[in-house]
Amino acid sequence: MPAVLLPVLLLALPPLPLDALPTAVRERVATAYQGAVADPGSARASGSVAMLLQAYDQFEVAEAWYRRAQQLDPNAFDWAYLLGVVQAERGRNDDAARALRDAAEKLPRYLPARLKLADVLLARGEVDASAALYDEMVKEHPDAPQAHYGRGRVDAVRGRPAAAVDRFRRAIELSTGFGAAYYALGLAYRDLGRADDARAALQLYEAHRMEAPTLDDPVLARVRQLKTGPLARLAEGVRLAKEGDVEGSIREHEAALEGDASLAQAHANLISLYGRAHRWDKAEEHYRATTALAPGLAEAHYDYGVVLVEQRRPREAAEAFARALSINPNYPAAHNNLGNMLEAEGRSAEAEIHYRAAIANDPTYRLARFNLGRVLVSQQKHAEAIAEFEKTLVPEDGETPRYLYALAAAWVRAGDLDKGRRYGKEAQEKAVALGQTELAATIARDLRSLEATPPR
Amino acid sequence: MRITPTRIVLAVGLAALGLAVTRPTRGAAPALFRDVAEESGLRFRHFTGSSGEYFMPEIMGAGGALLDYDGDGDLDVLLLQGTMLDERKTPGEARFPPAPGQPPGARLFRNDLARGPDGRRRLHFTDVTEEAGIRFLGYGMGVAVGDYDNDGHPDVYLTAFGPNALYHNNGDGTFTDVTRAAGVDDPRWSTSATFFDYDGDGNLDLFVANYLDFTIAGNKVCFDAVGARDFCSPSRYRPVPGRLFRNDGGGRFTDVTEPSGIAKAFGPGLGVVAADFDGDGRLDLYVANDGAANLLWLNRGNGTFEEQGLLSGTAYNAEGLPQGSMGVAAGDVDADGDEDIYVTNLPREGSTLYVNQGHARFQDMTDAWGLRAPSFPFTGFGAGWLDYDDDGRLDLFVVNGAVNIVEAQRGQPYPFQQPKQLFHNDGGPPLRLVPPEVAGSEVGRAEVSRAAAFGDVNDDGGVDVLVTNNNGPARLLLNQGPRGHWLQARLRGRPDNADGLGAWVGLARKGAPTLWRRAHTDGSYLAASDPRVHFGLGGSAAYDALLVQWPSGRKEMWTSSGADRTVTLRQGTGRPWR
């Protein structure tokens, strides 16, 4: 036996609980495993098993396989780096720091490895080491917002909010949608006693909460690409829908269904996606498929109801909303929309009940309050209506002019023309400022007629 | 018969286990905590009603409470129970049928604590549910305890997936369901709740956290990372707003969720604790939300609350990320006179410690206090600050149990089991994880734990822990470790609420900072704890005075009356202090 093979044989293959995995994943992992068995001295073969396991969040087993890959090829960057990433995912920061340090030494220009290492060091309380690493990155990669942000976090941990503010602001200059940086900036301002600046930064955080600057990490990207199959396509479809890419989302959903036609959630999502694309026949087709597979998906009935509203089929829409509510009586939007349908039929008392139910299940649902206010006005319950309209004024956004206009009208109906004028003017000004010209013109016309009204 | 290699291994394993149990090494101290539930008659096994459909409520409950319902001075136990969620099936058809002899519904166990001739305390529990008139057969979740009518007898509010119930304690060992008359029902999925006097009128008000708009008919099919069926993330459902009920006296409550401002924000609420986080003398609320911003409601003193989670730094962790928050514990871990917040979260998030730097300005100091790494692999639920060794410093007890399949347990019948954890406070950061061989095998035992309630069950000056387990037995972890001197204060309020819940109690000592603790039953997860305030005194039994700031703002002090005992502080009998 050649001496060089001995260490390889001493490295036993890590355990792999294949039987516990669902069939589709099991087959893929088993194939990779066979590769490792066939070529026990190949780091790449073991690493391939690890990458597949990591892609499916099987971190514990993945760690063992990465360790094996690293032992087989101690000079490879990929295995050291991915080992560190997986260890960090498991909260094993001591081990992760070792692996990532090893990786960063092997390929110092690979920024993601150093960022991860600096982050792990900070979590371990190695503040100085983390700061030194971030300083290096800031120097070598001055355009990397993550480096400035991380350095700011070190300052914040050290109790130096002024220095942290500068770092976070630089990070935001480089990436204007950097949610975490806005959050950290807000808290640093707060610690400096600059409450208004803190609030402003935290507001921007709320606007950009899910956003982060991109970080080119081709090694980790290769791992993520391994996760395939209908559920992965569905997840990608959902992601694209959130980004507003309706056609891309439809494509991914259809691909998911090609792989598994029984994915009720994919059918259900396609109801609204095709609705948004005004492809009514396809929306209808997927509604039927959904209800055949999972009649209890309240969202499917609701989304179908919306599609029917858009097709001006109110009676059927009301039935769809009612079906959604029979499954989930706490569904605010279904209550609101059913209220709309009932109101259109002149059944305002029933509409009021549904608007109130919508609010009870979502007190922040301004549209339902607006609708309730309108119904109350129609019932001459002006004080109650005004109270509801007032609650629609916060937060201020594109809907605010409309809500202010409704409030103005309620005050006029209640006999307080001064307040009606005041809110009406405010509504008009905000509508103009927001470019809502049609609404502004309508309000202006009403205000003119109000001016012509003799004072009481 | 041929002995297979597997059997040999098993035999060796059992022998080794036997040695470990029966022959501790010479001089080894007994474990700090020992489970005495079974031997003391506290026989209860939680039933999830699981039918294989992965209904979310199955994995979230249930809770429990320590309360002295019969006024005999010792703590009794109340435990919530599940039932079948799929109405088409019987309990016998459940994946895990009810334990033989386990009666349905919430169970109340009376503590018949007795001292033997040798002076040793003997715990014994008797199931008194039927005679007490507790008939709560819904899908139980949590419990809040408070004497809402100030008659000297603690009442209980039980939450459920379905209608909740308020049981009035009649003072004769029985309860009456007064939910309808009191006007405090909520038919949605409620979780934790707290009795607290937010308006300082001496009557305990009630906040109820609600979770998701999940319904059985609308159950969704969800998968884990490898495509296996699993419980859904809360993001698959919509959150349901919590409710605040003002106690108007006379047994009536008014829903003030809207006028109080509490309706302005909400999330999938799981944990709640009331404390004075901004030091203005008024009780605020902190609500732990699952996968959404946690909410800090600061009490403005005019009947309204203002949400300040974001600015306070307690909405999200240091990276600005919402976490899957479950349980919450408030306590002065850094002994600087204000309350810090510990929140339990999902695995790969780690729990979060928000340290109060005064005036409700918090910093996420989880790493500095050494709490991220030990909590990182686990799904934390119940948690509480307790001074288990009576050294005057607040330690931390956390119970864990997954809600999604634990990778290493895949393929097992109930792959959600995780150990409980005890952390010791050596006097400053970091807290130190007490190894299971020291804390006790029951602490280290992996189960699917949910609630943890804290209190001195056998009145020996050590804080014990009641742990509930999803699809498992309730545990009563008796504190049997070495401890210092101690003092417990039972508050008797009038005109403040009868148990002084919410009062801020200080123990003043010469040459040492005053220790501050809050009288409370809330916090943790789905749990209610001993309302008595517990102080560890360490090696010295000496202290100078007990200071009390009542929820109404009134302040009184009592000079030392000795240690290693429970003292009763009656409002109006102390001296004023400023």
Side-chain angles (χ1 to χ4, degrees), chain A residues 17 19-22 24-26 56-61 89-94 122-125 153 156-157 179-184 186-187 190-191 195 198-199 202 205-206 209 227 229-231 264-265 294 296-299 326-332 359-364 391 394, chain B residues 187-189 212-229 236-241 257-258 262-266 310-313 316 318-322 347-348 350 357 361 363-368 370 372-377 407-412 415 430:
Chain A
D19 291 347
L21 295 172
V25 178
R26 184 169 62 224
Y56 285 97
D57 291 2
Q58 305 299 294
F59 299 118
E60 189 176 339
V61 202
E89 285 284 358
R90 298 188 63 210
R92 295 161 54 90
N93 286 337
D94 293 354
L122 187 60
R124 292 186 69 227
R153 284 194 59 210
V157 167
Y182 282 115
Y183 180 74
L187 294 189
R190 179 203 65 172
D191 291 345
R199 284 195 189 91
L202 292 171
Y205 160 73
E206 290 287 24
R209 189 152 57 93
K227 189 168 183 177
L231 289 172
Q265 193 60 54
L297 270 179
E299 285 79 1
S326 71
I327 294 162
N328 181 359
N330 302 321
Y331 198 151
I359 294 165
N361 286 291
D362 183 356
T364 64
K391 288 173 193 164
V394 178
Chain B
R188 297 171 294 186
W189 184 356
L212 297 171
D213 70 346
F214 172 90
T215 63
I216 298 299
N219 184 43
K220 294 175 181 172
V221 175
C222 295
F223 304 96
D224 71 0
V226 295
R229 186 79 191 267
R236 296 296 309 278
Y237 297 92
R238 277 170 296 277
V240 178
T257 312
E258 283 256 352
I262 290 281
K264 287 180 181 167
F266 64 98
L310 201 52
L311 194 61
S312 71
Y316 306 108
E319 290 95 61
L321 296 172
R348 293 166 65 194
Q357 311 207 307
R361 200 164 54 86
Q363 295 282 359
D364 175 350
M365 298 187 73
T366 315
D367 288 323
R372 189 179 311 276
S375 61
F376 205 80
E407 185 189 324
Q409 296 171 28
R410 190 178 292 282
Q412 293 180 15

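Residue numbering restarts at 1 for every chain, and letters A, B, ... go by the order of the sequence lines. Both backbone and side-chain heavy atoms feed into the values below; hydrogens, waters and symmetry mates do not.
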Query raised in the report: If we only count heavy atoms from C-beta on, is the B:C222 to B:R236 side-chain gap below 4.5 Å?
Result: yes
Query raised in the report: Given A:Y56 and A:K227, is the side chain to side chain contact (heavy atoms under 4.5 Å, CB included) satisfied, shown in steps?
Result: CA-CA 6 Å; A:Y56 285 97; A:K227 189 168 183 177; 3.7 Å; yes
Requested in this report: Give, as side chain, backbone, both or neither, the part of A:A298 having an atom under 4.5 angstrom from any heavy atom of chain B.
Outcome: neither
Query - For chain A, the option from B:P187, B:S312, B:P415 that forms the most heavy-atom pairs under 4.5 Å - result: B:S312
Report summary line: One option among B:R372, B:E258, B:Q412, B:R229 has the most heavy-atom pairs under 4.5 Å with chain A, and it is B:E258
Report task. Measure distances from A:N93 to the heavy atoms of chain B and classify the residue's part below 4.5 Å as side chain, backbone, both or neither. Result -> neither
Report summary line: Honestly, the part of A:R26 sitting under 4.5 Å from a heavy atom of chain B is neither
Query raised in the report: For B:A228, is it the side chain, the backbone, both, or neither that has a heavy atom closer than 4.5 Å to a heavy atom of chain A?
Result: both
Query raised in the report: Would you say the side chains of A:N328 and A:E299 form a donor-acceptor pair under 3.5 Å?
Result: no
Report task. Tell me, for A:E89 versus chain B, whether the close heavy atoms (under 4.5 Å) come from the side chain, the backbone, both or neither. Result -> both
Query - Carboxylate-amine/guanidinium contact A:D57 B:R348, below 4.0 Å - result: yes
Query raised in the report: What residue in B:K264, B:K220, B:M365 has the most heavy-atom pairs under 4.5 Å with chain A?
Result: B:K220
**Report entry** Contacting moiety of A:F59, where chain B heavy atoms sit under 4.5 Å
**Finding:** both
Report task. Go through the atoms of B:Q357 and report whether side chain, backbone, both or neither lie under 4.5 Å from a heavy atom of chain A. Result -> neither
Requested in this report: Please report the shortest heavy-atom distance between B:G350 and B:S375, naming the atom on each side.
Outcome: CA-OG, 3.4 Å
Requested in this report: For the residue pair B:P347 and B:F376, establish whether any side-chain heavy-atom pair is separated by less than 4.5 Å.
Outcome: no
Report task. Identify which part of A:V61 has an atom lying under 4.5 Å from any heavy atom of chain B, answering side chain, backbone, both or neither. Result -> both
Report task. State the CG-CG distance between A:D362 and B:D213, to the nearest 0.5 angstrom. Result -> 10.5 Å
Report task. Side chain from CB out, backbone as N, CA, C, O: work out which of these in B:R238 comes under 4.5 Å of a heavy atom of chain A, or both, or neither. Result -> side chain
Query raised in the report: Do we get A:R209 above A:Y183's six-membered ring, with its NZ or CZ under 6.0 Å from the centre and within 45° of the axis?
Result: no
**Report entry** Heavy-atom contact with chain A under 4.5 Å, split by part of B:V221
**Finding:** neither
Query raised in the report: If you count heavy-atom pairs under 4.5 Å between each of B:G218, B:G320, B:P430 and chain A, which one has the most?
Result: B:G320
Query raised in the report: For the candidates B:A373, B:G411, B:G313, which exhibits the highest count of non-hydrogen atom pairs separated by less than 4.5 Å from chain A?
Result: B:G313
Query raised in the report: Is there side-chain contact between B:T215 and A:P329, with heavy atoms separated by less than 4.5 Å?
Result: yes
Query raised in the report: For B:F214, is it the side chain, the backbone, both or neither that has a heavy atom under 4.5 Å from a heavy atom of chain A?
Result: neither
Query raised in the report: With a 4.5 Å heavy-atom cut-off, do A:Q58 and A:V25 have their side chains touching?
Result: no
Report summary line: Under 4.5 Å to a heavy atom of chain B? For A:D191 that would be both
Query - Minimum heavy-atom distance A:R190-B:L311, with the two atoms named - result: CD-O, 2.8 Å
Query raised in the report: Does the side chain of B:R188 pick up a donor-acceptor pair with the side chain of A:N361 at under 3.5 Å?
Result: yes
Requested in this report: Using a cut-off of under 4.5 Å on heavy-atom pairs, state which of A:V394, A:T364, A:L187 scores highest against chain B.
Outcome: A:T364
Query raised in the report: Under a 4.5 Å heavy-atom cut-off, does chain B meet the side chain of A:A184, its backbone, both or neither?
Result: neither
**Report entry** Structural part of A:L231 lying under 4.5 Å from a heavy atom of chain B
**Finding:** side chain
